[in-house]
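Values reported hereafter were calculated over all heavy atoms of this structure, with side chains retained and with hydrogens, waters and symmetry mates removed. In what follows, chains carry the letters A, B, and so on, assigned in the order in which the sequence lines appear, proteins first and then strands, with residues in each chain numbered from 1.
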Protein chains: 2
Amino acid sequence: MLRLEIENIIKSHGLSVTKSRKKVLKYFLKLNKPLDLKTIRSLVNPIDRVTLFRILSCFEKKGIIHSIRLENGQHLYAICKETCRDGQHSHQHIHFTCESCDDVSCLSIDNFPNLSLTNYKFNNININVSGVCQACIF
Amino acid sequence: MLRLEIENIIKSHGLSVTKSRKKVLKYFLKLNKPLDLKTIRSLVNPIDRVTLFRILSCFEKKGIIHSIRLENGQHLYAICKETCRDGQHSHQHIHFTCESCDDVSCLSIDNFPNLSLTNYKFNNININVSGVCQACIF
DNA sequence: TTAAGTGCAAAATCTTTGCAAATGT
DNA sequence: ACATTTGCAAAGATTTTGCACTTAA
């Protein structure tokens with residue numbers, strides 16, 4: 001029941017359920033991988049560019065999706081798996097870019113590091129890794 | 001001998017030494033912290049905006065500086081401490097944003113993680129942390 | 001001298017704002 | 001019915017491109 005799940009996610013984050021929002025969220029759930037604006041646009045066509053910006057920034061603020069900013073300037077969005085509180089994201093996964101196929105994915109790793117430094121308080125840790133993915137390694 | 005160090009860095013990365021490049025690099029060495037475009041522009045005034053873009057992207061490609069892209073969209077540049085090969089950056093430090101004073105810095109940490117995942121090859125690990133810095137923690 | 005770097009104008013993108021019309025509750 | 005969301009037009013901001021002029025080696 002994808003439809004119900006979609007509506008539930010939107011509602012449970014305190015947002016009203018609209019056609020556009022459902023459409024956008026549907027693709028995040030369906031594809032379950034980080035998407036850039038161009039890709040999202042082509043999928044949800046013909047939602048207005050500005051509306052899409054607003055939906056994404058609203059989803060992000062509410063903790064439904066999170067932004068991924070890669071060192072090369074790419075800006076992607078991915079669905080939050082953990083329960084991200086309103087405006088406060090916390091992910092125990094890394095963002096991985098394959099240097100061979102350029103695919104970007106959110107990966108769970110067992111040994112997610114617990115960093116620390118004297119006299120500093122670390123709240124949020126965001127890790128971007130590049131390398132070679134499963135599919136390309138052979 | 002800052003002047004000599006500057007020229008040496010530029011030369012040793014295979015670039016010709018120009019007034020503008022020296023000026024830009026000078027501030028990176030002097031301030032020794034991540035700088036955004038606006039700050040750099042105001043420091044190196046009156047270097048043309050486009051020229052500055054080209055200098056920065058050239059420095060980055062050659063491994064003199066690296067880009068820091070924060071989750072909030074901020075784009076900063078910082079000098080590379082380690083020897084970054086041409087086009088291939090590798091840093092054993094984290095990028096830290098203080099949630100209280102908004103300062104961004106490159107921090108060395110002892111326990112820099114050695115991540116791995118079966119069937120993946122991890123080449124480059126980039127870590128952005130937000131929290132409270134030394135100065136604001138008290 | 002000549003290959004590389006700079007400045008300017010202008011294009012291409014990306015992101016935000018204001019407001020009237022449409023939609024959700 | 002009322003508050004929220006959407007689409008459109010237009011402004012701002014950021015980044016890139018082309019080309020003539022200048023500078024470093």
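Separating the CZ atom of Arg69(A) from the P atom of dT15(D) is a distance of 10 Å, rounded to the nearest angstrom. As rounded to whole Å, 14 Å separates atom P of dT14(D) from atom CG of Leu56(B). Asp48(A) has its CG atom 14 Å from the C1' atom of dA20(C), to the nearest Å. Per the geometry, CZ belonging to Arg54(A) stands 14 Å off P belonging to dA9(D), to the nearest Å. Whole-Å rounding puts the Phe53(A) CZ to dG7(D) C1' distance at 15 Å. A straight line from CG of Leu52(B) to C1' of dT16(D) spans 14 Å, rounded to a whole angstrom. Rounded to whole angstrom, the span from the CD1 atom of Ile47(A) across to the P atom of dG7(D) amounts to 7 Å. The interatomic distance linking Tyr77(A) (OH) with dC14(C) (C1') rounds to 10 Å, in whole Å.
For Phe96(A) and Tyr120(B), the gap between ring centers is short of 6.0 Å.
Here OG1 of Thr18(B) is found 10.5 Å from CD of Glu7(B). Values are rounded to the nearest 0.5 Å.
In this structure, Arg49(B) and Leu15(B) both approach DNA chain D, and ranking their closest nucleotides by distance from the 5' end singles out Arg49(B).
OP1 or OP2 of dT4(D) has not a single side-chain nitrogen or oxygen of Ser16(A) nearer than 4.0 Å.
Within 4.0 Å (heavy atoms only), Arg21(A) reaches sugar-phosphate atoms of the nucleic acid but no base atom. Contact annotation for Thr51(B): base contact, defined as any heavy-atom pair under 4.0 Å involving a base atom.
Shown here is Asn114(B), whose CG atom has no more than 12 heavy atoms of other residues, nucleotides or ligands within 6.0 Å.
Here the options are Val17(A), Val24(A), Leu29(A), the test is side chain to side chain contact (heavy atoms under 4.5 Å, CB included), and the partner is Ile6(A); only Leu29(A) passes.
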